[in-house]
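Please read these numbers as outputs of a predicted model, since none were measured by experiment.
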Amino acid sequence: MESQEPQVKNSPLMPSMYTNRVALKTILESGDGETGLIGTTVVVGGWVKSSKEVKKEPLAPPKSPPPAAADAFPAASHGTKDVNCVEILQSRIPFFRTIIRVLGGSASSPAVRQKLESLIPKPPPPSIFFLDINDGSCVSSLRVVIDSAIVPVSAGQILPTGTCVLAQGVLGNPSALGKQTIELTVEKILHVGTVEQDKYPLSRKRLPLDSLRDYPHIRPRTTTVASVARIRNTLDFASHTFFQNRGFLHVQVPIMTTTDPEGFSEKFQVTTLLGETSKKESPVSVSDADGVNPETVKAAIQEKSSLVEQLKRSDSNREALAAAVQDLKKTNELAQQIETREKSKPVTAVKPDLVSFNADFFGRQIYLTVSGRLHLESYACALGHVYSFGPRFRADKTVSAKHVAEMWTVEAEMAFAQLEVSLCIIKVQASYVISWSCQINISILLSFSSSSSP
């Protein structure tokens with residue numbers, strides 16, 4: 001496939017600043033309506049969300065005229081029309097076939113001819129591929145139509161979900177009834193990034209959200225995660241806009257700090273001493289200390305099991321069989337005890353009371369910040385109205401869904417302000433962010449609620 005993108009001319013759509021590719025958002029969310037873009041040549045790209053293949057009906061061969069007499073040319077008379085050369089050749093086709101059959105001999109037999117035709121590779125029947133691609137610029141997808149007779153591409157290469165496609169084509173009216181109001185008829189494929197359909201998890205129709213944690217590199221391609229990211233982006237931008245328009249100054253507070261602003265929450269400690277401790281004090285296995293190796297016990301179990309099987313086959317020595325079974329039972333009990341002791345073995349930990357933090361990276365105890373309010377108070381005394389927006393961490397052990405270990409928090413401090421003013425700012429800020437999000441993300445929320453895929 002060619003990787004060079006052509007120069008697209010006569011296009012009312014603005015391509016990207018760094019490439020000739022047109023974002024799908026400019027096509028699907030055009031202010032003048034999508035019908036005004038009919039006939040425009042564009043270059044689009046994205047990954048396949050869904051696909052379908054439609055086989056084209058093969059064209060029927062043209063019917064040949066009835067054969068004429070093979071023994072003589074048609075007589076020309078003054079009362080009939082003139083006979084041209086094509087008609088004469090058509091009338092002699094049976095005669096030519098007879099000559100070929102005689103000269104070809106056995107090679108012209110139906111069996112041999114069928115075998116020869118099977119050795120000749122036949123081109124695959126033409127198909128029409130319907131692809132719904134998305135480039136992340138919006139929630140909606142663009143229907144892309146590819147005719148394999150015009151653009152040589154195979155179904156296994158282009159149809160799998162997740163395939164990356166960069167194509168040039170003409171925008172037109174949809175060829176089939178559906179939700180699409182515009183589609184792209186491909187004239188040229190510029191690039192195809194193939195995927196292994198069996199190993200691509202998003203090829204399945206329904207995928208639980210919990211299982212997406214195992215695939216962080218493709219989670220944003222799902223409708224749910226992508227919609228949440230767009231909504232969060234709007235909330236972040238609305239929060240910054242609110243404070244910036246009201247004279248607040250955005251400041252950054254440290255993520256790692258020695259302070260505890262709240263005084264009651266658990267904190268995550270940051271240290272480099274664990275790596276040094278593990279190097280100096282290699283943990284000793286309980287079983288090794290007792291002189292018992294788990295691998296030796298497993299090998300003994302296998303050996304005693306084979307001995308029991310051999311004794312079961314012969315009924316001559318029942319006492320030896322009973323002794324072997326008893327011995328195998330004791331060996332299994334020993335293996336279970338070793339396994340239990342290995343699981344219950346305490347993990348090597350660094351106790352703050354017994355460790356000198358002078359050798360630590362920071363030379364003292366450092367924690368992930370729970371809140372930046374103490375830093376903001378010092379900034380407010382110097383700069384007036386300030387706010388911070390960043391990650392906060394709490395190590396509180398709870399199973400409630402309302403408490404998380406990491407969160408992003410908006411914190412603000414104002415100098416020379418009373419409590420009533422702070423409460424008013426909170427109320428106005430919440431109303432502003434909600435109204436902003438409802439105006440901008442109404443399409444995202446609708447697509448998010450109506451989507452059947454994760």
**Request:** Evaluate the side-chain proximity of Val253 to Thr369: yes if any heavy-atom separation is below 4.5 Å, no if none is.
**Result:** no
**Request:** Could you give me the CA-CA distance, side-chain angles and deciding distance for Asp135 and Leu142, then say whether side chain to side chain contact (heavy atoms under 4.5 Å, CB included) is met?
**Result:** CA-CA 9 Å; Asp135 63 352; Leu142 176 66; over 6 Å; no
**Asked** Which pair of heavy atoms, one from Pro174 and one from Thr181, lies closest together, and at what distance?
**Response** CD-O, 3.5 Å
**Request:** Answer yes or no: is there a donor N or O on one side and an acceptor on the other, between the side chain of Asn134 and the main chain of Cys138, under 3.5 Å?
**Result:** yes
**Prompt:** How long is the span from the OG1 atom in Thr409 to the CZ atom in Phe393, to the nearest 0.5 Å?
**Reply:** 10.0 Å
**Prompt:** Parallel, tilted or perpendicular: which describes the rings of Phe243 and Tyr387, with under 30° parallel and over 60° perpendicular?
**Reply:** parallel
**Request:** Evaluate the side-chain proximity of Val428 to Phe242: yes if any heavy-atom separation is below 4.5 Å, no if none is.
**Result:** yes
**Prompt:** Can you check whether Leu202 reaches Leu212 side chain to side chain, under 4.5 Å on heavy atoms?
**Reply:** yes
**Prompt:** Does a side-chain heavy-atom distance below 4.5 Å link Phe129 with Ser51?
**Reply:** no
**Prompt:** Once you round to the nearest 0.5 Å, how far does CZ of Phe268 lie from CZ of Arg394?
**Reply:** 11.5 Å
**Complete:** Nearest heavy-atom approach of Pro220 to Ala226 is O-CB, 3.3 Å
**Request:** Answer yes or no: are there more than 12 heavy-atom neighbours, outside Phe361 itself, under 6.0 Å from its atom CZ?
**Result:** no
**Fill in**
Separation between OG1 (Thr40) and CD1 (Ile27), nearest 0.5 Å, reads 8.5 Å
**Request:** Check whether any side-chain heavy atom of Tyr367 lies under 4.5 Å from a side-chain heavy atom of Asp260, and answer yes or no.
**Result:** no
**Request:** Report yes or no: does Asp360 contribute a side-chain atom to a donor-acceptor pair with the main-chain N or O of Thr271 at less than 3.5 Å?
**Result:** no
**Message:** Counting C-beta onward and ignoring hydrogens, is there a side-chain heavy-atom pair between Met256 and Leu368 closer than 4.5 Å?
**Reply:** yes
**Which atom of Leu159 lies closest to which atom of Val48, heavy atoms considered** = O-CG1, 4.1 Å
**Request:** Please confirm whether the backbone N or O of Thr223 pairs with a side-chain atom of Ser227, one donor and one acceptor, at under 3.5 Å?
**Result:** yes
**Request:** Measure across Val195 and Gly162 and return the closest heavy-atom pair with its distance rounded to 0.1 Å.
**Result:** CG1-O, 3.5 Å
**Request:** Answer yes or no: is there a donor N or O on one side and an acceptor on the other, between the side chain of Ser431 and the main chain of Lys427, under 3.5 Å?
**Result:** no
**Fill in**
Interatomic distance, CD1@Ile128 vs CD@Glu53, rounded to 0.5 Å, equals 10.0 Å
**More than 12 heavy atoms from other groups under 6.0 Å of CD on Glu406** = yes
**Request:** Compute whether any side-chain donor of one residue and acceptor of the other, for Thr259 and Thr257, lie under 3.5 angstrom apart.
**Result:** yes
**Request:** Give a yes or no on whether the backbone of Gly372 and the side-chain of Glu411 come within a donor-acceptor separation of less than 3.5 Å.
**Result:** yes
**Asked** Do you know which two heavy atoms are closest between Val225 and Arg219, and how far apart they sit?
**Response** CB-O, 3.3 Å
**Request:** Heavy atoms only: give me the nearest Gln429-Ser239 pair and the separation to one decimal.
**Result:** NE2-OG, 3.6 Å
**Message:** With rounding to the nearest 0.5 angstrom, report the CZ to CZ distance, Arg373 to Arg392.
**Reply:** 10.0 Å
**Message:** Please determine whether the number of non-hydrogen atoms from other residues, nucleotides or ligands lying under 6.0 Å from atom CZ of Phe130 exceeds 12.
**Reply:** yes
**Asked** Taking atom CD of Gln365 and atom OG1 of Thr258, what is their separation to the nearest 0.5 Å?
**Response** 10.0 Å
**Asked** With a 4.5 Å heavy-atom cut-off, do Ile150 and Glu187 have their side chains touching?
**Response** no
**Message:** Tell me whether Arg246 forms a cation-pi arrangement with Tyr432, defined as NZ or CZ under 6.0 Å from the six-membered ring centre and within 45 degrees of its axis.
**Reply:** yes
